[in-house]
Amino acid sequence: MHKWLMLLLATFVTLAARAEPLPMDEAAPGVYVHHGTHEDLDQGYHGDISNIGFIVGEKGVAIIDSGGSLAIGQRLRESVRKVTPLPVLYVINTHVHPDHIFGNAAFLADKPIYVGHANLANAMELRKEAYLRNNATWLGEAATGSDIVKPTQAVTSTLELDLGGRNLLLTAYPTAHTNTDLTVLDHSTATLWTGDLLFVERTPSIDGDVKGWLSAIETLRAVSALRAIPGHGPVVTDWNQALNNEQRYLETLLADVRSSIQNGESMEQSMDTAAASEKENWVLFDSVNRRNVNLIYPKLEWE
């Protein structure tokens, strides 16, 4: 066994002995979600800002995102064990961002199939060094044992997973929030895990293509679901309205940045004005919106 894997498993055993289960809500029968807090990555971040959880079938369990550290992943695993002794069959990552993937290592001993977008493995490799460094900066000792665990099964378009009497439909999207976005639809309860293709309350954060994201929103509208579990924020039944809110923000941002460019305003000036009309509608608006302008302004200059 490789030395790094032995060390990682030793850390896994140590943390497992003291892990406290995460608080979970049963959003639908057999569908459990832990709601992350609205913290920014570089201000008070504790590795627990995204919605993560699991779905239970007759044969086993699928994890949907695993949190921002090994410790959070361990707590999620303990939450599973409070509900069922069935094996963890799959760990599904909805996209590459660190708050969704760094708990993957907590499930290594379960020997699940790790599932993600066809671009995810490469994206993880490209970002690995930066993500590990940033996570250590953000979390300090709480980042101990966190590592990149890549998917062993890739989704290029759609994929059906069978949990036993319960099928999940996984759908991969073109570049939108990121270039690795994946949704999970539980057919049994018509519950859609959107990953970060849907933000509720928290300001949508762009790491891909704003126009692609607006296109993905239209695709999501065609999904027949009774409720949606967003990447951040509460579970919503009126999730079409939640999509409307997100679309309004993204369209306003896009229009305002285009206007800034046409008027000869600098990116710094655009950061102060773009989408300002949306400020009162979103949590963490100032920091996230400025980052969004920083990302899309240079791209839109070349339209």
Side-chain angles (χ1 to χ4, degrees), residues 5-57 60-94 97-112 114 131-132 134-149 163 184 191 193 195-196 200-202 229-235 283:
L5 184 57
M6 293 178 65
L7 291 172
L8 188 60
L9 289 175
T11 304
F12 169 91
V13 172
T14 301
L15 290 176
R18 61 173 184 264
E20 291 292 331
L22 291 169
M24 308 294 298
D25 293 325
E26 191 170 8
V31 179
Y32 296 86
V33 58
H34 168 73
H35 295 280
T37 58
H38 291 319
E39 299 171 341
D40 202 4
L41 286 172
D42 55 3
Q43 295 178 2
Y45 178 61
H46 292 90
D48 184 20
I49 65 172
S50 59
N51 293 338
I52 61 178
F54 58 94
I55 302 172
V56 182
V61 176
I63 303 297
I64 315 295
D65 286 332
S66 58
S69 70
L70 176 62
I72 295 298
Q74 280 289 351
R75 295 183 65 191
L76 176 60
R77 188 175 184 275
E78 289 304 305
S79 299
V80 173
R81 290 293 156 249
K82 283 188 65 177
V83 171
T84 177
L86 291 171
V88 175
L89 301 176
Y90 302 98
V91 174
I92 303 166
N93 290 136
T94 63
H97 284 161
D99 53 311
H100 295 259
I101 66 169
F102 266 124
N104 283 5
F107 299 93
L108 283 171
D110 298 294
K111 299 181 180 179
Y114 288 85
Y131 274 11
L132 289 171
N134 290 342
N135 223 39
T137 299
W138 294 330
L139 297 177
E141 291 185 3
T144 300
S146 303
D147 201 2
I148 298 289
V149 179
L163 298 183
V184 181
T191 300
W193 294 74
D196 281 7
V200 177
E201 298 181 344
R202 186 185 180 100
I229 302 174
H232 301 267
V235 176
V283 177

**Student:** Closest heavy-atom contact between V91 and V88?
**Tutor:** CG2-CG1, 4.2 Å

**Student:** Any chance you could lay out the side chain to side chain contact (heavy atoms under 4.5 Å, CB included) test for I229 and V31, step after step, and finish with the verdict?
**Tutor:** CA-CA 10 Å; I229 302 174; V31 179; 3.9 Å; yes

**Student:** CG/N104 to CD1/I148 distance, rounded to the nearest 0.5 angstrom?
**Tutor:** 8.0 Å

**Student:** Supply the atom-to-atom distance H34 NE2 to R75 CZ, rounded to the nearest 0.5 angstrom.
**Tutor:** 7.0 Å

**Student:** Do H35 and P230 come close enough that some side-chain heavy atom pair is under 4.5 Å?
**Tutor:** no

**Student:** Examine distances only and state if a side-chain atom of E201 and a backbone atom of P234 form a donor-acceptor pair shorter than 3.5 Å.
**Tutor:** no

**Student:** Let's go through V235 and D25 carefully: what are the C-alpha distance in whole Å and the side-chain angles of both, what is the deciding distance for side chain to side chain contact (heavy atoms under 4.5 Å, CB included) to 0.1 Å, and is it a yes or a no?
**Tutor:** CA-CA 10 Å; V235 176; D25 293 325; over 6 Å; no

**Student:** Within this structure, what is the NE2-CG distance for the pair H100 and N51, rounded to the nearest 0.5 Å?
**Tutor:** 8.0 Å

**Student:** May I ask you to say whether R77 pairs ionically with D110, meaning some side-chain N is under 4.0 Å from a carboxylate O?
**Tutor:** yes

**Student:** Mind checking the CG-CZ spacing from L76 to R81? Nearest 0.5 Å is all I need.
**Tutor:** 10.5 Å

**Student:** From I72 CD1 over to D48 CG, what is the distance, rounded to the nearest 0.5 angstrom?
**Tutor:** 4.0 Å

**Student:** Suppose we screen for ring-ring contact (aromatic ring centres under 6.0 Å, His included). Which residues come up paired with Y32, at least two apart in sequence or across chains?
**Tutor:** F54

**Student:** What's the spacing between S79 OG and E20 CD if we round to 0.5 Å?
**Tutor:** 10.0 Å

**Student:** With W193, which of I52, D65, V184, I92 fulfils side chain to side chain contact (heavy atoms under 4.5 Å, CB included)?
**Tutor:** V184

**Student:** Over all heavy atoms of both residues, which pair between G73 and F107 is shortest? Give the atoms and the distance, please.
**Tutor:** O-CZ, 3.8 Å

**Student:** So if I apply the side chain to side chain contact (heavy atoms under 4.5 Å, CB included) rule between H232 and each of T37, V200, D99, V283, which one comes out positive?
**Tutor:** D99

**Student:** Suppose we screen for ring-ring contact (aromatic ring centres under 6.0 Å, His included). Which residues come up paired with Y45, at least two apart in sequence or across chains?
**Tutor:** W138

**Student:** Can I63 and Y114 be said to form a side chain to side chain contact (heavy atoms under 4.5 Å, CB included), step by step?
**Tutor:** CA-CA 9 Å; I63 303 297; Y114 288 85; over 6 Å; no

**Student:** Considering non-hydrogen atoms only, spot the tightest contact between T94 and I64 and give its length.
**Tutor:** CG2-CG2, 4.1 Å

**Student:** Give the minimum heavy-atom separation between L70 and S146, together with the two atoms involved.
**Tutor:** N-OG, 2.9 Å

**Student:** For E26 and V83: C-alpha separation, side-chain torsions, deciding distance, then whether side chain to side chain contact (heavy atoms under 4.5 Å, CB included) applies.
**Tutor:** CA-CA 11 Å; E26 191 170 8; V83 171; over 6 Å; no

**Student:** Minimum heavy-atom separation for P112 to L108, with atom names?
**Tutor:** CD-O, 4.4 Å

**Student:** For residues S69 and A142, report the shortest heavy-atom separation together with the two atoms involved.
**Tutor:** CB-O, 3.9 Å

